[in-house]
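Just so it is clear: chains get the letters A, B, ... in the order the sequence lines come, proteins before strands, and each one is counted from 1.
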There are 2 protein chains.
Amino acid sequence: MDSRQDTDSGKGSQRTRWKQDPEGVRANILAVALKEFSEHGLSGARIDEIAAKTRTSKRMIYYYFGDKEGLYQKVLEETYRHVRDGEKELNLEDLSPVDALRQLVEFTFEHHRRNPDFIRLVMIENIHNGDYLKKSELIRQLNQTAISRIEAIYKKGVETGHFRKGIAPVAIHWEISALSFFNVSNRMTFSQIFGDDLFDDKGQLELRRQIADSVIRFVSSETVA
Amino acid sequence: MDSRQDTDSGKGSQRTRWKQDPEGVRANILAVALKEFSEHGLSGARIDEIAAKTRTSKRMIYYYFGDKEGLYQKVLEETYRHVRDGEKELNLEDLSPVDALRQLVEFTFEHHRRNPDFIRLVMIENIHNGDYLKKSELIRQLNQTAISRIEAIYKKGVETGHFRKGIAPVAIHWEISALSFFNVSNRMTFSQIFGDDLFDDKGQLELRRQIADSVIRFVSSETVA
DNA sequence: ATCACATTTAACCAATCGGTACAAAGTGGT
DNA sequence: ACCACTTTGTACCGATTGGTTAAATGTGAT
């Protein structure tokens, strides 16, 4: 009834040669899973499909990640970490507050644009009410740096008189995030309805400048009606 | 082997009384489906679950909508229409450009906030690359009004000298949408990481004012460094 | 040499799920 | 009275899919 053992009990039945590389295998699975999850969502992604695109097998996914949700959870954490790591290459201390802020906005804009998988994963996580983010201890810490970077620029700007008082750094971060995030997250529906002039190279360049202007005007000390 | 016909072939086998109400049934299905799709996504939503929460049966879903994708498609269209209808109650002609713009932003902000199901559906549609929106003839028309409303305000503002020249109305719309949309779409992950001060009643009031200020500053003629 | 761990392979399973078949009958406009 | 359309009810099906079983064997550090 069960002839499985026969398969290997023949003469040669040569097992392929392989090297141990737990970290490599894990990383490979996570990379493939990120793509699949970000394209199809948690329920839409297929474990078999992920396995097929991996250099290893479905069995190993369960070996390392337990189940689908465990895999998704780890993908989420890993992706946040990776993206936040990418933000560290930013040196703004020598610039004037206005220039520093402009640099930060433009950097964030480009950064989001270059990481659509991450954006989509965040969208998906929001659809799941952030349930898997909640479970992760890891992530909260990663983001204090974002706020303190802004705080440093903002304080300096207030001192030099270029920025007005009374704005919370987190509010500035919110604004920068919103404008940079929306550009990627809603690209498909927005361009579908309003045309895609905003999304070709020229449009994106103008848009980047626009939102940098917008954020600077937002914190500027010059009063507005 | 098949005893189905027995079930009804007995003596009484009283069928319940009912009224014809095709539109009502359709509307009921669409309402339930909107909730399910917006909560679980296209692949995550379950037809059986939708059917169960309906006042009618699974059979009728297929009778009216063909298949799951057909249902999703109609939900998408219906929801866009409903939301755009809600935007018509806006009368801004008598106001000054600045006041009109502020009104428009605050209205949009509240409007999005009151329609989280719609926001989530748009997120989901973006995850599907806007494929189902593409198939819909209906939707493109609904949105020209949004642009022309802004154009009217903007033109007037330029004439009165309050607004600077050279901004595309669609760019203003983009900015308003981005800030209002992000507030709902990314609420879960943002509050998870940065706290939920921005999302209680007080925080939302301040945020609404903040983004109105931000948009007004963006179009304002007063120059900024 | 030992031993815990990593890897391979492929069949298999139970549950879920989208979608149908079938049959009967009520409704309402003409 | 007719007849197209609408509704009810339920069993059923085939495919998909997350997850498991099984056993054998390679690897590499000690």
List the steps, then state whether side-chain hydrogen bond (donor to acceptor under 3.5 Å, both in side chains) holds for Glu77(B) with Ser136(B).
CA-CA 7 Å; Glu77(B) 288 184 9; Ser136(B) 173; 3.1 Å; yes
The test is ring-ring contact (aromatic ring centres under 6.0 Å, His included); show your working for Phe218(B) and Phe218(A) and say whether it passes.
CA-CA 8 Å; Phe218(B) 168 58; Phe218(A) 168 57; over 10 Å; no
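Look at CG on Asp21(A): it is 7 Å from P on dT7(C), rounded to the nearest Å. One can place NZ of Lys68(A) at 15 Å from P of dT16(C), the figure rounded to the nearest angstrom. One interatomic measurement links the two molecules: CD of Gln20(A) to C1' of dA6(C), which rounds to 5 Å at whole-angstrom precision.
Ionic pairing of Arg120(B) and Asp117(B) is not present here: no N-O contact between side-chain nitrogen and carboxylate oxygen is shorter than 4.0 angstrom.
Taking 4.5 Å as the limit, every side-chain heavy atom of Phe182(A) sits out of range of all side-chain heavy atoms of Ile211(A). At least one side-chain heavy atom of Val25(B) sits under 4.5 Å from a side-chain heavy atom of Tyr64(B).
At the phosphate of dT8(C), OP1 or OP2 sits under 4.0 Å from a side-chain N or O atom of Thr56(A).
Of the candidates Glu125(A), Gln73(A), Glu69(A), Tyr132(A) forms a side chain to side chain donor-acceptor pair (under 3.5 Å) with just one, namely Glu69(A).
Looking at Ser180(B), its side chain never comes within 3.5 Å of a backbone N or O of Ser177(B) through a donor-acceptor pair. Panel note: side chain Asn126(A), backbone Met188(B); a donor-acceptor pair is recorded below 3.5 Å.
Residues from residues 23-55 of chain B lying near DNA chain D, meaning a heavy-atom separation below 4.0 Å, are Val25(B) in numerical order. Near DNA chain D, meaning a heavy atom under 4.0 Å away, the residues from residues 58-67 of chain B are Arg59(B), Met60(B), Tyr63(B), Tyr64(B).
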